Structure formats: structure tokens, C-alpha cells
Amino acid sequence: MRDDSTCLHTHVQELLHGRLQEARQLQWITGVILLLLTVGVGYFGYSMTGDVLSVDATDVGRGIALSVPVIGPPWLENVFFGNGTTTGLFIRMLGWHIILAALVGLLFGFHFFMAEANGMMPSNKESKYRHLP
């Protein structure tokens with residue numbers, strides 16, 4: 001988790017200080033969205049195993065969702081966790097897992113299309129790179 005937060009902090013600093021080229025900002029934003037969606041896919045997939053650890057992870061996720069100030073209790077509880085029955089919870093977890101995995105696949109294709117369109121590295125003129133002899 002510490003590595004993820006460090007990576008996210010570095011990327012947010014790059015975006016806020018304008019270190020990214022205009023063409024690469026959308027690619028950067030899709031990469032961050034991919035990171036968050038992948039964490040969501042992992043959470044919902046792990047929560048479907050049905051063992052004690054997954055139940056505890058689901059309880060922690062529910063607690064975090066309920067602590068969101070404005071939309072937490074009324075909205076997130078109903079959309080993500082259902083009425084509290086095991087079958088209802090499993091069906092919602094499976095549904096969200098499939099939806100987020102499909103979004104990851106679509107966004108992954110778009111992200112790599114952008115990488116091909118922009119090139120993997122900016123040219124030396126764009127980056128103003130100077131090689132010192």
C-alpha cells in the first residue's frame with residue numbers, strides 16, 4: 001500500500017506541476033483510472049471466495065464505504081453491499097467484479113492505443129533533451 005501511495009503521489013505531482021505533455025495527459029489519467037479499477041476488481045474478486053478472510057475484507061470495505069461523508073451510508077451500502085444476505089452480497093460482488101473487469105479491458109485497450117498513437121517516448125525535440133558530450 002505504501003508503494004502504491006508513493007507512486008500515486010508522484011504521478012499527481014507530475015500532473016499538477018504540468019510536467020506532462022498535452023497529448024500524454026489523457027494517457028496518464030487513463031492509467032490512474034486503470035490502477036483504481038484494478039484495485040476494485042481485486043477487492044470484489046477476493047471478496048467472493050467465501051472464507052473467513054474474505055468476510056473480514058468485505059466488512060472492512062463496508063466500513064470504509066460507510067465512512068464516506070455525504071454519499072456513504074445511503075448510496076454505497078445499497079449499491080455495493082445489498083440487503084446483507086450472503087446470496088445477495090455474493091451476486092452484487094460478482095456483478096461488480098464482472099463490470100469492473102470489463103471496464104479494465106476496454107480502458108486497457110484505449111490506454112495502449114494512446115501509447116501507440118503518442119509513441120512510447122517523446123522525441124528529443126519535444127522533451128528538449130540535450131546530450132552532453
Side-chain angles (χ1 to χ4, degrees):
M1 184 65 175
R2 190 175 129 219
D3 295 334
D4 292 339
S5 61
T6 303
C7 182
L8 189 61
H9 172 75
T10 303
H11 288 309
V12 168
Q13 290 296 320
E14 287 177 359
L15 182 67
L16 293 178
H17 291 291
R19 295 183 193 132
L20 296 172
Q21 304 290 329
E22 285 291 326
R24 298 185 192 281
Q25 284 182 353
L26 182 60
Q27 185 177 355
W28 180 88
I29 290 170
T30 57
V32 171
I33 293 171
L34 272 171
L35 170 73
L36 298 175
L37 286 176
T38 305
V39 169
V41 168
Y43 170 74
F44 287 117
Y46 182 77
S47 298
M48 291 188 300
T49 59
D51 60 357
V52 174
L53 290 175
S54 69
V55 171
D56 291 343
T58 303
D59 289 341
V60 169
R62 179 177 282 164
I64 292 171
L66 292 177
S67 69
V68 175
V70 177
I71 60 173
W75 189 74
L76 292 176
E77 177 75 21
N78 293 329
V79 171
F80 288 111
F81 299 106
N83 57 6
T85 63
T86 306
T87 306
L89 180 64
F90 179 80
I91 290 172
R92 286 184 191 255
M93 292 287 180
L94 179 62
W96 282 109
H97 180 73
I98 291 171
I99 289 169
L100 293 179
L103 286 174
V104 165
L106 291 172
L107 203 58
F108 191 73
F110 178 71
H111 184 73
F112 279 99
F113 170 76
M114 296 263 314
E116 280 294 318
N118 293 332
M120 288 296 175
M121 296 289 292
S123 68
N124 289 340
K125 287 183 182 179
E126 287 178 14
S127 66
K128 298 179 180 140
Y129 174 75
R130 294 182 316 162
H131 176 69
L132 299 174

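Keep in mind that what you see is a predicted model, and the values were worked out from it rather than measured.
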*Stepwise side-chain contact (heavy atoms from CB on, under 4.5 Å) test for Val60 and Asp56*: CA-CA 6 Å; Val60 169; Asp56 291 343; 5.6 Å; no
*Begin from the C-alpha positions of His97 and Tyr43 and carry the test side-chain contact (heavy atoms from CB on, under 4.5 Å) through to its verdict.*
CA-CA 8 Å; His97 180 73; Tyr43 170 74; over 6 Å; no
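His111 places a side-chain heavy atom less than 4.5 Å from the side chain of Leu34. Using a 4.5 Å heavy-atom cutoff, the side chains of Phe110 and Leu26 are in contact.
Atoms CG and CG, from Leu100 and Leu107 in turn, are 11.5 Å apart once rounded to the nearest 0.5 Å. In this structure, the separation between CG on Leu35 and OG1 on Thr38 is 6.5 Å, given to the nearest 0.5 Å. The distance from atom CH2 of Trp28 to atom OG1 of Thr30, rounded to the nearest 0.5 Å, is 10.0 Å. Atom OG of residue Ser47 and atom CG of residue Asp59 lie 9.5 Å apart, to the nearest 0.5 angstrom.
When the side chains of ILVMFWY residues are joined at heavy-atom separations under 4.5 Å, either directly or via intervening members, Val39 and Leu53 end up in two distinct hydrophobic clusters. Using a 4.5 Å cut-off between side-chain heavy atoms of Ile, Leu, Val, Met, Phe, Trp and Tyr, with links allowed through other members, Met93 and Phe90 fall into the same hydrophobic cluster. Placement of Ile99 and Leu37 within a single hydrophobic cluster is found when ILVMFWY residues are connected by side-chain heavy-atom separations under 4.5 Å, directly or transitively. In the hydrophobic clustering of this structure, Phe113 does not group with Val32; members are Ile, Leu, Val, Met, Phe, Trp, Tyr whose side-chain heavy atoms approach within less than 4.5 Å, directly or through other members. The cluster map of Ile, Leu, Val, Met, Phe, Trp and Tyr, joined by side-chain heavy atoms under 4.5 Å apart, puts Val104 and Leu106 in different clusters.
For Phe108, the CZ atom counts as loosely surrounded, since its 6.0 Å shell holds 12 or fewer non-hydrogen atoms of other residues, nucleotides or ligands.
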